[in-house]
Trainee: 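This structure is in structure tokens; I'll ask about it shortly.
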2 protein chains.
Amino acid sequence: MKTDPELRYKTLISKLQQRGSRLTSHRIALARLISVSEGHPNASQLFKKLRIQFPSVSLATIYKTLALLKAEGEVLEIDLHGDSRYDGANPFPHPHLICECCGMILDGDEIKSIGELNNEIESKYGFQITRPQQIFYGLCKDCRASIDKKG
Amino acid sequence: MKTDPELRYKTLISKLQQRGSRLTSHRIALARLISVSEGHPNASQLFKKLRIQFPSVSLATIYKTLALLKAEGEVLEIDLHGDSRYDGANPFPHPHLICECCGMILDGDEIKSIGELNNEIESKYGFQITRPQQIFYGLCKDCRASIDKKG
DNA sequence: TTTTGTGCAAATTCTTTGCAGACAC
DNA sequence: GTGTCTGCAAAGAATTTGCACAAAA
């Protein structure tokens, strides 16, 4: 459920403007990078890509800008034990399926029972969910297939 | 869904024995501590408690033993961005509801739609879930009530 | 006795912070 | 102009690791 990169970019920029943040060249470039990103890059990967175009950019700026966009709810942080990944292409909370074999991170979009789960939690515990983080570790289709082949 | 502490303790000890690990006094004490723990302590909290009884114990040993029990599937690690919590009282995967207001971590036991969600993910993506980690950040019942009272 | 576990301290790694200079507005 | 943002380097914090000694089997 990846939204249109151009729309994403415009949203990110306008969110920064709305909150009164300044549009520096590095922020604009990061917003663009996040909008077109397909995977789930970490701060270091975004830094390396951005540095090609802006050799003077620093990792600290990446973290600071990501924190800004995270606070605006425009970037999701996937918390992987000391290697946070950022999902800025799809701003809607969704499960992430992480293959323990190949490391791939798959977006679990269009899972119907998520809504039901949320309802059940909210009604059963009176808990108001603001930010779900659902990570499913396991084996992806391809890795299962290659394991089956071997044994 | 807290299981009987005594049963839990015996399970932890026998799992360590089965894998050929030695039963040192520190490991036995940690197993006991984990079995009776009500909340979701982090390594440092377990360390502080254990140090009362065993002043010579080290934090490294806590981490090493937790890793052992985690590998045996007897302890769940809740990955909270640089503050891992350990749930050893309830070895079955279950969601954790974390209140962003008071910090409380509630066990989301007996959520029926979890099974449905797992099935949907497995059938839709051909993904075999081995270890789900579902963390729901939000507002607990009590904090919602006190916010409502204020206005 | 032999192998595994332990404490200690240093190393590692991701992330945050303080500050003087740079830049958007 | 002025208040925010930046890079840099250093600080921070949780966890892991290497090694000589200690303890379990």
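First the proteins, then the strands, lettered A, B, ... as listed; each starts at 1.
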Trainee: Tell me: CG of Leu80(A) to P of dA14(D), nearest whole Å?
Mentor: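 Rounded to the whole Å, the gap is 19 Å.
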
Trainee: So does Thr24(A) get a side-chain nitrogen or oxygen closer than 4.0 Å to the phosphate oxygens (OP1/OP2) of dT6(D)?
Mentor: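 Affirmative; the distance criterion is met.
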
Trainee: In whole Å, I'd like the distance from the OH atom of Tyr86(B) to the P atom of dA14(D).
Mentor: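 The answer, rounded to whole Å, is 12 Å.
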
Trainee: Output the single nucleotide from dC25(C), dG5(C), dG18(C) whose closest atom is nearest the side chain of Arg22(A).
Mentor: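 Minimum distance to the Arg22(A) side chain belongs to dC25(C).
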
Trainee: Measure CG/Leu16(B) against C1'/dA25(D) and give the value in whole Å, please.
Mentor: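 From Leu16(B) CG to dA25(D) C1': 15 Å.
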
Trainee: Compare side-chain N and O positions of Ser84(A) against OP1 and OP2 of dC14(C) and report whether any pair is under 4.0 Å apart.
Mentor: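 Answer no for this pair, as no side-chain N or O of Ser84(A) is under 4.0 Å from OP1 or OP2.
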
Trainee: Could you tell me whether Lys141(B) and Glu122(A) make a salt bridge, using a distance below 4.0 angstrom between a side-chain N and a carboxylate O?
Mentor: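 Answer for the salt bridge query: no.
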
Trainee: Give Ser56(A) one of three labels, base, sugar-phosphate or nothing, depending on what nucleic acid heavy atoms sit under 4.0 Å from its own.
Mentor: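 Sugar-phosphate, no base atom in range.
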
Trainee: Side chain of Arg27(B) only, heavy atoms from C-beta on: which candidate in dG5(C), dT15(C), dT15(D) is closest?
Mentor: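 The listed nucleotide nearest to Arg27(B)'s side chain is dG5(C).
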
Trainee: Using atom CG of Leu68(A) as one end and atom P of dA24(C) as the other, report the distance to the nearest whole Å.
Mentor: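 Distance, rounded to whole Å: 16 Å.
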
Trainee: Tell me the interatomic distance from Ile78(B), atom CD1, to dA14(D), atom P, rounded to whole angstroms.
Mentor: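 One finds 17 Å between P of dA14(D) and CD1 of Ile78(B), rounded.
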
Trainee: Could you tell me whether Glu116(A) and Lys112(B) have a side-chain N and a carboxylate O separated by less than 4.0 Å?
Mentor: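 The answer is no: the pair does not qualify as a salt bridge.
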
Trainee: His81(B) has an atom NE2; how far is it from atom P of dG12(D), in whole Å?
Mentor: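 Going from His81(B) (NE2) to dG12(D) (P), I get 18 Å.
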
Trainee: What is the distance from CG of Leu66(A) to P of dC5(D), rounded to the nearest Å?
Mentor: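 Interatomic distance, CG of Leu66(A) to P of dC5(D): 15 Å.
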
Trainee: Can you work out whether Ser21(B) or Lys64(B) has the more 5'-proximal nearest nucleotide on DNA chain D?
Mentor: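 First, find each residue's nearest nucleotide; the 5'-ward one identifies Lys64(B).
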
Trainee: Taking the side chain of Ala60(B) as its heavy atoms from C-beta onward, which of dT6(C), dC8(C), dC8(D) lies nearest to it?
Mentor: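 Minimum distance to the Ala60(B) side chain belongs to dC8(C).
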
Trainee: It should be established whether Tyr63(A) places a side-chain nitrogen or oxygen under 4.0 Å from OP1 or OP2 of nucleotide dT16(C).
Mentor: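 Indeed not, no polar side-chain atom of Tyr63(A) lies that close.
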
Trainee: Rounded to whole Å, how long is the line connecting atom CZ of Arg51(A) with atom C1' of dT6(D)?
Mentor: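 Taking CZ of Arg51(A) and C1' of dT6(D), I get 16 Å after rounding.
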
Trainee: Assess, by modelled atom type and distance only, whether the side chains of Asp109(A) and Asn90(A) contain a donor and an acceptor separated by less than 3.5 Å.
Mentor: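 Note: Asp109(A) and Asn90(A) side chains meet the donor-acceptor criterion.
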
Trainee: With a 6.0 Å cut-off (strictly less than), is the heavy-atom count around NZ of Lys124(B), excluding the residue itself, greater than 12?
Mentor: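 More than 12 within 6.0 Å, yes.
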
Trainee: Please say whether more than 12 non-hydrogen atoms of neighbouring residues, nucleotides or ligands are located less than 6.0 Å from NZ in Lys15(A).
Mentor: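 Count over threshold, so yes.
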
